[in-house]
Each structure stands twice: as structure tokens, then as C-alpha cells.
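So the structure is just underneath, and the comments pick up after that.
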Amino acid sequence: MIITIDGPAGAGKSLAARQLAKNLGFRFLDTGAMYRAVTLAGLRQKINWENTGELAKIAANLSIRLSDARVLLEDEDVTAAIRTFEVTTLTRHAADNLGVRERLVELQRAFAEGKNLVTEGRDQATVVFPKAEVKIYLTASDEVRAQRRYKDLLARGERVTLPEVLKKQMERDRRDLQREIGGLRKAENSIEVCTDRLTADEVVAKLEQLVRAAEK
Ligand code: DC
């Protein structure tokens, strides 16, 4: 069984998807982490970001492994390194790159082979797994999402301000929504859940309820 969770940054996808997978005994796939890992590889190799072929070539030859909680790039644990403000800002180059997208979609489908999976991203229901049994579209208001991201970055020791985070978030939203291939769209048969007034536990409980209902 495949459960997709798509939605904008800061809607609470990662936390909810990870916990949902745990409760159901499913595997978990964080596809944003894959776009981030490709970006980190590009950053380290000091590529020219305007040359899309360079990043696509890196993605084609890169070994990215995701265990449930860690991200390994060529066997190095980059779980924390892919979450910096710099990588977050640069990740648009990977997300906008068709060669990178093709390669990552291929890896995502291969990862799902023969597994029960909760997968989260932007295009999981629309492009990668259009036949998924349960499709969730997770949202939250701009302010709530920015607050969450801000707290998260502060906890990681980054020096950012809330207006700065909100501005970057709006830029990312615009890009995610406008991206022609793999852009953020609500699949026709997905269920929308707004997390503004829900605690993390309540979100997971709600999602679990939706999955159980679909299983019947
Ligand atoms: O979910 P996240 O913030 O870790 O995602 C990082 C970036 O990757 C985000 O700006 C959009 C992009 N992304 C994507 O284009 N497709 C996905 N399936 C997942 C993420």
C-alpha cells in the first residue's frame, strides 16, 4: 500500500508522515531530502548553478540512501547538513531541473517496490505514485508554517528572523506552485487536511483514521 502526503513547506508533512509510517509499520520516504542531498553535492562541488547539465550529471551518478531517520550521501551521514538555510535556498536548482527530477522519481519508485510506504513531497500523488491508495494534501496558513520553520531553524542554531523566513517561504511557495513538472498541486482524489489548529499528535491520529477508513 502506498500513502502519499504532499503539501507546501512547513505544513508538518515530515513529522506526520514519519510518525504515521511508524504507527502503521510502513517504510517512510522523505523526497525533499533527496532534492536537498543533490543540492548539497552541487554546493560541495562548487558547480555553476546556471548550468543545469552539471547538476543533472551529479544526480545521475550520486548514491543517495535513505534509512528511516538518516540521509546518506556516498555513505556520509548528511542528515543535518541538508537542512541549513543555504541548502534550503539553493534547493530550487535541483527541484527545477528536469534531469534531476527524472532521476529522483526513478529512485523513489524503486524505493517503493514491494513495500508498504508513506512518502512525502510535492508531486507524490500527481506524478510519482498516481495510483497510490491514499492521497493526503497537508496544508497550513502562511503564518503558522513560517513560525514552525523559524522555531526549527533557531533550534538548529541558525541566525534568522521571522520576516526573513516568511519572505523565503513565499518565494519557495511561488516556485513550488509554478513549477511546470513536479509542481505542487492537489491531486483530484486527494484529501485535504489543514494542520493550523491541530497538534502533531492530532494530525497523525487524523491521518491514521483516514488510512484505516481506506483499508476497509
Ligand atoms: O520538503 P522540503 O522542504 O524538504 O523540500 C525541499 C525542496 O524540494 C522544496 O523547495 C521543493 C522540492 N521538492 C520537490 O520539488 N519535489 C518533491 N517531491 C519534494 C521536494
Side-chain angles (χ1 to χ4, degrees), residues 2-18 28-43 49 52 55-56 58-59 62 64 66 69-71 73 78-112 117-130 132 135-140 142 144-146 148-153 156 158 160 165-187 190 195:
I2 305 244
I3 300 164
T4 59
I5 303 186
D6 292 300
K13 296 190 299 296
S14 283
L15 204 64
R18 200 180 292 276
F28 164 66
L29 182 63
D30 174 356
T31 62
M34 300 171 91
Y35 288 90
R36 288 169 179 272
V38 169
T39 306
L40 180 65
L43 188 65
W49 295 105
T52 55
L55 195 60
I58 287 180
L62 206 60
I64 306 171
L66 291 118
R70 324 268 0 136
V71 182
L73 188 62
V78 294
T79 314
I82 60 169
R83 302 273 159 209
T84 62
F85 202 51
E86 186 182 23
V87 171
T88 302
T89 305
L90 286 171
T91 297
R92 65 186 169 84
H93 294 286
D96 287 342
N97 189 308
L98 291 190
V100 172
R101 294 207 79 88
E102 256 175 45
R103 165 81 173 143
L104 295 188
V105 167
E106 200 178 278
L107 291 178
Q108 289 156 21
R109 290 187 180 140
F111 185 91
L117 182 71
V118 177
T119 177
E120 64 114 329
R122 306 290 186 287
D123 58 348
Q124 299 301 287
T126 49
V127 175
V128 190
F129 302 108
K135 298 178 175 181
I136 311 279
Y137 192 77
L138 215 61
T139 62
D142 292 352
V144 168
R145 291 190 292 122
R148 287 178 184 158
R149 182 71 74 177
Y150 175 60
K151 277 194 196 153
D152 201 40
L153 288 166
R156 288 171 207 279
E158 298 234 9
V160 285
V165 172
L166 185 61
K167 183 167 168 269
K168 291 267 180 204
Q169 175 180 287
M170 287 168 89
E171 281 168 19
R172 274 215 302 155
D173 281 357
R174 191 176 46 78
R175 284 186 168 274
D176 283 354
L177 288 164
Q178 286 178 352
R179 185 168 301 120
E180 237 169 88
I181 298 189
L184 176 62
R185 302 194 219 315
K186 182 177 175 299
S190 70
T195 65

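Every number for a ligand or one of its atoms is a count from 1 in the order of the listing.
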- Please list, chain by chain and in numerical order, all residues satisfying side-chain contact (heavy atoms from CB on, under 4.5 Å) with Lys167, sequence neighbours excluded. Glu171
- Message: Quick one: does any side-chain atom of Asp123 pair with a main-chain N or O of Gly183 as donor and acceptor, under 3.5 Å?
- Response: no
- Message: Between Glu120 (side chain only) and Thr31 (backbone N and O only), is there a donor and an acceptor less than 3.5 Å apart?
- Response: no
- Item | Exam field: side chain Thr91 to backbone Arg36, donor-acceptor pair closer than 3.5 Å | no
- Just checking, is any N or O donor in the side chain of Arg101 or Tyr35 under 3.5 Å from an acceptor N or O on the other one? yes
- Between Ala37 and Leu73, what is the shortest heavy-atom contact and its length? O-CD2, 3.9 Å
- Item | Those protein residues which place at least one heavy atom below 4.0 Å from ligand 1 | Thr31, Gly32, Tyr35, Arg36, Arg83, Thr91, Ala95, Arg101, Gly121, Arg122, Asp123, Gln124, Arg149, Arg172, Asp176, Arg179
